Enquirer: 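Submitted below is the structure of interest, expressed as structure tokens.
Since the structure is predicted, the reported quantities are computational estimates derived from the model, not experimental observations. Values below: all heavy atoms of this structure, side chains included; hydrogens, waters and symmetry mates excluded. Chain naming here is simple, since letters A, B, ... match the order of the sequence lines and numbering starts at 1 in each.
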Protein chains: 2
Amino acid sequence: MKSDLPSATVERLPRYLRCIERLPEAQQTISSGELARLSNLKAAGVRRDLSYLGTFGIRGVGYRVKELNDQIRHALGLTADRPVAVVGIGNLGSALANYTGFGNRGFRIVGLYDADPSKIGTSLGGVEVRHISRLPDDARTTRISVGIIATPAGAAQQVAAMLVDVGVRSILNFAPTVLQVPEDIHLRQVDVATELQILGYYMS
Amino acid sequence: MKSDLPSATVERLPRYLRCIERLPEAQQTISSGELARLSNLKAAGVRRDLSYLGTFGIRGVGYRVKELNDQIRHALGLTADRPVAVVGIGNLGSALANYTGFGNRGFRIVGLYDADPSKIGTSLGGVEVRHISRLPDDARTTRISVGIIATPAGAAQQVAAMLVDVGVRSILNFAPTVLQVPEDIHLRQVDVATELQILGYYMS
DNA sequence: TAGATTGTTAATCGATTAACAATC
DNA sequence: TAGATTGTTAATCGATTAACAATC
């Protein structure tokens, strides 16, 4: 039974992971101060975040990099195997299909789906693109933990409903639209226009 | 002189915009309750957010859709013209270059850059891909407000430094790496692996 | 008027930060 | 020991929410 981490902490753990992965091989330990500098956060916040994972820092020394890495990966559940399906194999979906950064984080692309007949049968990152109508059948034999929606906005809600229907409980939506899903479904939204608008606000 | 909005409010305004853009033509007004339902937020929060923009709601009726749209767009500064450069024209960069959702939000792609000679000279969304070495010269004649980094992780920090060098003060980074930029530069990060890891935490 | 809905008050909640005793 | 750094306390800060008077 995992104890709950504050959501702000959960959202920062992947960033710590990014930072410690880039440390030189030889570096054995890292202090909260250095990790704060690398991650553009503050040392007190880093220590608080890590303290939720347990007390494994060494006073006067810092955190052992290897142990820190293990603790964060364990807290995030990156040891699990998470089959991912991508729906919508345009430029964005293709970028996702070819992205190699999922593997060492427990995510594995098991299905690529599109509605465009000209794309069916092509292969990306070793996975064949199949017609979206095959998704329900495929889901019956292959568990899908996460659905990534990379379709145009107009198709996204329908795709989301289909994913929920076949038992997917976590959805990452890249389509520029606000989705309605049952409240027990985990949904995250990545939206370029939104990010630009937020940047825009702080520019003026 | 614009009064500061709480950052949590700024991050929600684009979502409200998305929701009201999809309303039927005929709908003249919308209540905080309905907007909350559409945006998956709560009515009290919607009212508080909108109250920062002024008091233009009508008690017993709701908000006039047209005025609401104007107020949000004005608050976000979407009336400004914001020239955008995209660096890294792989699958992701191509998706961004072809994305048509920027125009009506004041963002306009004025430059596409890559280091790969085979891409130079091709055209995407009516803009020619130029070699990254041309960026400094181009920036001298064409103002660039926002730089979008869509390169591999290994090149991202160098590109960020170059953007800062040529006077870009707002950066949207899609490369899976934590960037170091001067503190007066506005930086936002979009990271698929991070989003998946956060989803992953809540799955287990 | 009666019903609906805003704008805001006040309470609560959660996140951040500085500071420092504990301890390597 | 002396210096460094953690883990945590306590204060502060900012965000959320329910509730309701104001008012259309």
Enquirer: Nearest whole angstrom, please: distance from the P of D:dT6 to the OH of A:Y52.
Expert: 17 Å
Enquirer: In the strands shown, is D:dA11 matched to any nucleotide by a Watson-Crick or G-U wobble pair with both distances under 3.5 Å, and which?
Expert: C:dT16
Enquirer: Between A:S32 and D:dT6, is there a contact of a side-chain N or O with OP1 or OP2 at under 4.0 Å?
Expert: yes
Enquirer: Grab the CG-P distance between B:D49 and D:dG14 for me, whole Å please.
Expert: 16 Å
Enquirer: Can you identify which nucleotide, out of C:dA18, D:dT23, D:dT16, has its nearest atom closest to the B:R59 side chain?
Expert: D:dT23
Enquirer: Considering heavy-atom distances to DNA chain C, does A:V61 or A:A8 have its closest nucleotide positioned more toward the 5' end?
Expert: A:A8
Enquirer: Please state how far atom CZ in A:F56 lies from atom P in D:dT8, giving the value in whole angstrom units.
Expert: 12 Å
Enquirer: Looking for any heavy atom pair under 4.0 Å, which part of the strands does A:A44 touch: base, sugar-phosphate only, or nothing?
Expert: base
Enquirer: Without swapping roles, check the side chain of B:R82 against the backbone of A:G200 for a donor-acceptor pair under 3.5 Å.
Expert: yes
Enquirer: Return the nearest nucleotide to the side chain of A:R47; candidates are C:dA15, C:dT6, C:dA19.
Expert: C:dA19
Enquirer: In terms of side-chain heavy atoms of A:R12, which of C:dT16, C:dT5, C:dA19 is nearest?
Expert: C:dT16
Enquirer: A:I58 has a side chain; which of D:dT5, C:dC24, C:dT8 sits nearest to it?
Expert: C:dC24
Enquirer: Thinking salt bridges, do B:R105 and B:E21 make one under a 4.0 Å N-O criterion?
Expert: yes
Enquirer: Measure the distance from CG on B:L50 to P on C:dT8 and round it to the nearest whole Å.
Expert: 12 Å
Enquirer: Would you confirm whether A:Q197, through its side chain, and A:V192, through its main-chain N or O, come within 3.5 Å as a donor-acceptor pair?
Expert: no
Enquirer: For C:dG7, does either OP1 or OP2 sit under 4.0 Å from a side-chain N or O belonging to B:Y63?
Expert: yes
Enquirer: Rounded to the nearest angstrom, tell me the gap between atom CZ in B:R64 and atom C1' in D:dC24.
Expert: 11 Å
Enquirer: Over how many whole Å does the gap from B:L13 atom CG to D:dA15 atom P extend?
Expert: 13 Å
Enquirer: For A:L5 and C:dA15, what is the distance between atoms CG and C1' respectively, to the nearest whole Å?
Expert: 14 Å
Enquirer: Are any of the side-chain heavy atoms of B:L41 and B:R15 separated by less than 4.5 Å?
Expert: yes
Enquirer: Taking side chain to side chain contact (heavy atoms under 4.5 Å, CB included) as the criterion, tell me which of A:D114, A:D116, A:V86 meets it with A:V129.
Expert: A:D114
Enquirer: Calculate the interatomic distance between A:L35 atom CG and D:dA4 atom C1'; express it in whole Å.
Expert: 17 Å
Enquirer: Please work out if A:T9 contacts a base, only the sugar-phosphate, or nothing of the nucleic acid, heavy-atom cut-off 4.0 Å.
Expert: nothing
Enquirer: Could you please name the option among D:dT6, D:dA10, D:dT17 that lies closest to any side-chain atom of A:R48?
Expert: D:dA10
Enquirer: Kindly say if B:T55 contacts the phosphate of C:dG7, meaning a side-chain N or O under 4.0 Å from OP1 or OP2.
Expert: no
Enquirer: May I ask which nucleotide in the shown strands pairs with C:dA21, Watson-Crick or G-U wobble, both distances under 3.5 Å?
Expert: D:dT6
Enquirer: Above 12 or not: heavy atoms from other molecules or residues under 6.0 Å from CZ of B:R64?
Expert: no
Enquirer: Just to confirm, is there a sub-4.0 Å distance from OP1 or OP2 of D:dA15 to any side-chain nitrogen or oxygen of B:S7?
Expert: yes
Enquirer: Side chain of B:K42, heavy atoms from C-beta onward: which of D:dA18, D:dG7, C:dA15 has the nearest atom to it?
Expert: D:dA18
